[in-house]
Amino acid sequence: MSDQAAKLRNLVEERAEEDALSRKIGELYFDVEDSTRVIAITSGKGGVGKTNLAVNLAVALQLSGQKVLLIDADIGMANCNLLMGSVANRSLLDLLEDDVELDDVVEDGEAGVKYISGIAGVEAALSVNRRAQKKLHKKLGDCSALADIIILDTGAGLNRNVIEFVLAATEVLLITTPEPTALADAYAVIKAYSTYTDRRNIKIVVNRIRDEEECAEAVEKINQTTEKFLGVTVDCLGYIFEDKAVIDAVHKQEPFVLASKNSSASRCVFELAKSLLTGEKMESVSAGWRIFLYRLFGY
Ligand SMILES: Nc1ncnc2c1ncn2[C@@H]1O[C@H](COP(=O)(O)OP(=O)(O)O)[C@@H](O)[C@H]1O
Ligand SMILES: [Mg+2]
């Protein structure tokens with residue numbers, strides 16, 4: 001065999017080994033009771049609203065009577081705690097210490113949501129090597145005892161940390177905005193996960209839309225591509241309106257579903273939570289007066 005062919009074969013074998021390992025880890029680290037749902041929130045492009053959806057959905061589900069645990073799994077760019085209203089004393093990283101257990105890192109967040117703060121900073125992220133990650137995953141195994149629903153705020157894109165957390169989930173919410181770049185990156189994520197045939201429970205959430213049609217158009221664009229190249233289509237869970245209330249709440253470091261309950265973005269998140277709990281289609285949310293002005297005057 002030529003050198004190049006051997007190299008390629010090694011690469012393929014390595015990949016297969018890694019894939020098998022990822023799958024095993026997925027099963028291992030959320031060794032969940034059947035009743036616990038693990039929902040990963042991810043995206044292709046960064047900055048599209050993962051953290052805001054994770055935090056606000058967690059609060060909305062908790063207010064609907066669920067016991068929710070939010071885990072900030074965006075290793076390196078963790079920032080859930082900024083919106084959770086309290087300073088975290090410990091983080092996922094502390095789980096790497098032998099004498100630190102799950103209970104030690106779980107904090108009380110807004111509205112009774114429990115949360116585990118993430119690992120911020122490039123250096124910290126680099127220290128989460130393969131062995132460390134396995135240790136982390138093992139200790140997270142008991143999470144299901146703490147919650148009916150576990151929400152994972154993962155990073156964007158397709159690096160190994162993100163993929164492993166996403167594969168560990170039972171459901172994946174893929175968040176995008178209607179921007180072409182975000183849609184293209186969302187497609188890349190669907191493509192990557194479509195190889196894990198048994199883990200295709202992905203639903204799209206379109207964030208920052210100006211009207212409902214924008215959501216339908218975005219999903220259609222993604223599905224035209226997935227259908228053509230992957231032979232599958234992906235369901236849409238629903239949408240969140242572009243809303244200044246989100247930006248204001250971020251500045252106040254509060255979840256917008258609490259800071260501005262009746263805003264259009266909050267009403268969307270409550271409907272998304274309801275849809276997740278009932279399995280029914282998200283009910284339409286009216287965008288309100290601002291959107292009327294937008295349509296009328298174009299701003
Ligand atoms: N529905 C929305 N309406 C208005 N602004 C939004 C909305 N969703 C997100 N944003 C803005 O985008 C920023 C990034 O959101 P964030 O949730 O931190 O993204 P990610 O976690 O994907 O990086 C927020 O701080 C906010 O300013
Ligand atoms: Mg984030």
Side-chain angles (χ1 to χ4, degrees), residues 39-60 70-85 88 91-92 109-110 115-122 124-125 151-159 161-162 165-166 172-179 181-183 185-186 188-189 204-212 214-215 218 236-273 282 285-288 290-291 294 299:
I39 305 176
I41 297 183
T42 196
S43 70
K45 191 168 184 278
V48 294
K50 289 180 298 299
T51 300
N52 272 279
L53 177 62
V55 168
N56 287 282
L57 194 58
V59 171
L70 171 69
I71 301 178
D72 193 341
D74 187 354
I75 291 175
M77 309 267 262
N79 55 10
C80 273
N81 60 317
L82 292 181
L83 301 180
M84 262 316 206
S91 78
L92 268 180
E110 295 277 9
Y115 82 100
I116 302 178
S117 185
I119 303 167
V122 178
I151 295 191
L152 300 169
D153 180 14
T154 77
L158 289 165
N159 74 49
N161 283 330
V162 177
F165 275 109
V166 169
V172 181
L173 299 186
L174 176 61
I175 183 156
T176 181
T177 64
E179 280 186 329
T181 44
L183 297 179
D185 293 352
V189 169
I204 299 169
V205 175
V206 189
N207 188 23
R208 310 196 72 160
I209 59 161
R210 287 167 301 194
D211 54 37
E212 230 176 297
E214 223 176 356
C215 172
C236 173
L237 182 73
Y239 53 81
I240 304 170
F241 284 114
E242 168 74 30
D243 191 339
K244 190 170 167 294
V246 175
I247 297 163
D248 292 345
V250 170
H251 280 294
K252 284 198 277 183
Q253 297 192 307
E254 278 177 47
F256 57 80
V257 290
L258 295 176
S260 190
K261 278 193 194 70
N262 292 318
S263 62
S264 55
S266 296
R267 284 182 286 128
C268 289
V269 171
F270 284 116
E271 287 300 335
L272 287 171
M282 175 183 173
V285 172
S286 73
R290 258 188 351 90
I291 290 303
Y294 173 79
Y299 65 85

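Ligands are counted one by one from 1 in listed order, and the atoms in each one are counted from 1 as well.
Within the 4.5 Å cutoff, no side-chain heavy atoms of Asn56 are placed close to those of Ile240.
Under the side-chain contact (heavy atoms from CB on, under 4.5 Å) criterion, Lys261 pairs with no residue at all, not counting sequence neighbours. Residues that satisfy the side-chain hydrogen bond (donor to acceptor under 3.5 Å, both in side chains) test with Thr154, not counting sequence neighbours, are Thr42.
At distances below 3.5 Å, not a single donor-acceptor pair connects side-chain atoms of Asn81 with backbone N or O atoms of Ser117. At distances below 3.5 Å, at least one donor-acceptor pair connects side-chain atoms of Tyr239 with backbone N or O atoms of Val285. When atom types are taken as modelled, the side chain of Asp72 and the backbone of Ala78 share no donor-acceptor pair closer than 3.5 angstrom. Under the 3.5 Å distance criterion, the side-chain polar atoms of Asp248 are left unmatched by any main-chain donor or acceptor of His251. Remark: side-chain polar atoms of Arg208 are not paired, donor with acceptor, to backbone N or O of Val48 under 3.5 angstrom. Between the Asn159 side chain and the Val162 main chain, a donor and an acceptor come within less than 3.5 Å of each other.
Within 4.0 Å of ligand 1, counting heavy atoms only, the contacting residues are Gly47, Val48, Gly49, Lys50, Thr51, Asn52, Asn207, Arg208, Ile240, Phe241, Glu242, Asp243, Val246, Ile247, Val250.
Below the 2.8 Å limit, the Mg ion (ligand 2) has as protein N, O or S neighbours Thr51 OG1.
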